[in-house]
Amino acid sequence: MDPLQPVRGTKDILGDDQRRHSHVVSTARATASLYGFDEWSTPIFEDTRVFARTLGDTSDVVTKEMYTFADRGGESLTLRPENTAGICRALVTGGLTQSLPQKVFYNGPMFRYERPQKGRFRQFHQIGAELIGAAEPLADAEIIALGWDILTRLGIADEVTLELNTLGDVPSRDAYRAALVAYFTQHQADLSADSQDRLARNPLRILDSKNEGDRALVAGAPTIAAYLTDSAAAFYQGVQTQLARLGVPFIENPRIVRGLDYYSHTAFEFVTSRLGAQGTVMAGGRYDGLVAEMGGPPTPAVGWAAGIERLSMLLNEAPAAPRAVAVVPMGEAAEPVAVALLQALRRAGLRAEMAYRGNTKRRMERANRIGARAMVILGDDEIARGVAAVKDLATGVQTDVVFDEIARMLAV
Ligand code: ATP
Ligand code: MG
């Protein structure tokens, strides 16, 4: 039999990789808490309609990337490609549309059938934040500031630029869409097949095309600024004013649209030049229509999601593995005392390990191999005196310490 492999586009997250991953999640969770966000978890699979109805039937995710299957009962289910739809579904299911605003943080795996490459997987992981029930520009600015603070606390804000745009309100977008259709229709023959299709179904999405030829045409396309209604322009100005008050630097990029169809007003991305083509680490915007699509009342909302794999790749160093105290019994007779001491150290909050077998020499070698910071050595002679020999493996200094004092002495 061929050796079993992880499925294409998926990977195991082990050792340093998992420490990076956990560091991203715990830093984000702690920062979100400072802004008053609570963590939610929704199922990783949902009724297909949760996504098909709401992500828009022209989005790449819905047309090409979803893992959709019939379960044994014949129901159409989909592995979640993103979590905003699930969070809004949960808000409606839980009757929480009456207690707004809700400020939600989440993290977990997402699934998209994409061509795997650096920074792009079929199972990947996101952290995300949703601020549901606030229509003010301060809400947009605050959720962006949360993202910025997370990047700052991860030590990667220097490598990342916030790019901001507006998609306007419905009248602005209708006028802009007409202008885009007029422009791209002139160049229709030069558009990629995908973008010719978008031209008919959702011309704004051409701005997001990754095709080189399309990008050249996009560079000459009209921008939305001239088509914004007064109130949409004022909203966009308000977001910028609040961002300045919150101390978040940004540049404007009129080409930013979001990949999913449910956005309006604010759209933003945090991008880096360090990850090649997969340069967007965090992306989001305002999605005032989504909760209603899910069967709830009209509810304003704004949020973002960030790829944990991409953030992890930007971390300079993996957080260090915690270093253990190794307990080393000398001879079988010392083992029972060693086991009791091992457990006492753990209960005192110390990471402590003891090898399961081997003579004294081997156990000491193992302590060095696992990078232990100290050894607690127990021989018959020490036990008789109620002490253990505690050896600091950085300095090599060894001292006899009475049992009750060992944990205190090794406390970090
Ligand atoms: P892209 O343009 O890279 O395809 P997207 O617009 O599809 O991104 P979003 O749906 O906005 O991405 O997801 C938010 C973030 O999740 C992205 O900025 C990225 O960091 C991460 N992400 C999205 N798809 C993947 C993937 N297949 N593998 C790894 N990370 C991903
Ligand atoms: Mg994508």
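Quantities reported herein were computed from a predicted structural model and do not represent experimental measurements. Computed over heavy atoms, backbone and side chain alike; hydrogens, waters and symmetry mates excluded. Read the numbers this way: they start at 1 and go in the same order the structure lists the ligands and their atoms.
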Under 4.0 Å between a side-chain nitrogen and a carboxylate oxygen: does that hold for [X] and [Y]?
X    : Y    : value
R89  : E46  : yes
R201 : D197 : yes
R286 : D288 : yes
R369 : E365 : no
D194 : K64  : yes

Exercise. Could you tell me which residues satisfy side chain to side chain donor-acceptor pair (under 3.5 Å) with R362, sequence neighbours excluded, listed by chain and number?
Key: none
Quiz item: Hey, is ligand 1 close enough to A283 that some N/O pair sits below 3.5 Å?
Solution: no
Quiz item: Evaluating non-hydrogen atoms only, which member of E82, R112, R122 is closest to atom 10 (O) of ligand 1?
Solution: R112
Exercise. Using heavy-atom distances, let me know which of F111, F121, F124 sits nearest atom 23 (C) of ligand 1.
Key: F124
Show which atoms of ligand 1 fall inside a sub-4.0 Å distance from at least one heavy-atom site of [X].
X    : result
A305 : 14 (C), 15 (C)
T280 : 17 (C), 18 (O), 19 (C), 20 (O)
K210 : 1 (P), 2 (O), 4 (O)
E114 : 24 (N), 25 (C), 26 (C), 27 (N)

Measure [X] to ligand 1 on non-hydrogen atoms and call it side chain, backbone, both or neither using the 4.0 Å cut-off.
X    : result
Q126 : side chain
V61  : neither
R120 : both

Quiz item: Which residue pairs satisfy the ring-ring contact (aromatic ring centres under 6.0 Å, His included) criterion with at least one member in residues 355-375, sequence neighbours excluded?
Solution: none
